Amino acid sequence: MNMYIGNLSYNVREADLREVMEEYGTVESVKLIVDRDTRRSKGFAFIEMPETSEAKRAIEELNGATYEGRPMVVKEALPRN
DNA sequence: GTTGAGCGT
């Protein structure tokens, strides 16, 4: 399942996100979106979890949870197009 | 600061 993680603090790194998500299951990939020019985080990321049941649990547990001082959004990602 | 990059793999 592909997930969208939003409202992240700019100091969160991909490795941080992976650690958090792995509390709920296997994480296939983590993609923190960073501005190509400034190298600054855009504050959102995409995480792929092979096991949908684990992904859904992560969404339930982490959506709205405060992380690095911000209530993060965790939900299924929109199709990329 | 809220739905993806790359610049040719």
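To find a chain, count down the sequence lines: A is the first, B the second, and so on, and within it residues start at 1. Owing to the predicted nature of the structure, the values given are computational and were not obtained by experimental measurement.
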>> So if I apply the side-chain contact (heavy atoms from CB on, under 4.5 Å) rule between A/Met21 and each of A/Leu62, A/Asp16, A/Val30, A/Thr26, which one comes out positive?
In response: A/Leu62
>> I'd like to check the salt bridge (charged side-chain N to carboxylate O under 4.0 Å, His left out) partners of A/Arg40; sequence neighbours left out, ordered by chain and number.
In response: none
> How about A/Ile5 and A/Val73: do any of their side-chain heavy atoms sit closer than 4.5 Å?
Replying inline: no
> How does each nucleotide of nucleotides 2-9 of chain B score, in 5' to 3' order, for protein heavy atoms under 4.0 Å: base (B), sugar-phosphate only (S), or none (-)?
Replying inline: BBB-S---
> Taking it one step at a time, do A/Glu61 and A/Tyr24 satisfy side chain to side chain contact (heavy atoms under 4.5 Å, CB included)?
Replying inline: CA-CA 9 Å; A/Glu61 302 292 333; A/Tyr24 300 90; 3.4 Å; yes
> Roughly how far apart, to the nearest Å, are B/dA5 and B/dT9 at atom C1'?
Replying inline: 11 Å
> What are the two closest heavy atoms between A/Val74 and A/Ala58, and how far apart are they?
Replying inline: CG1-O, 4.4 Å
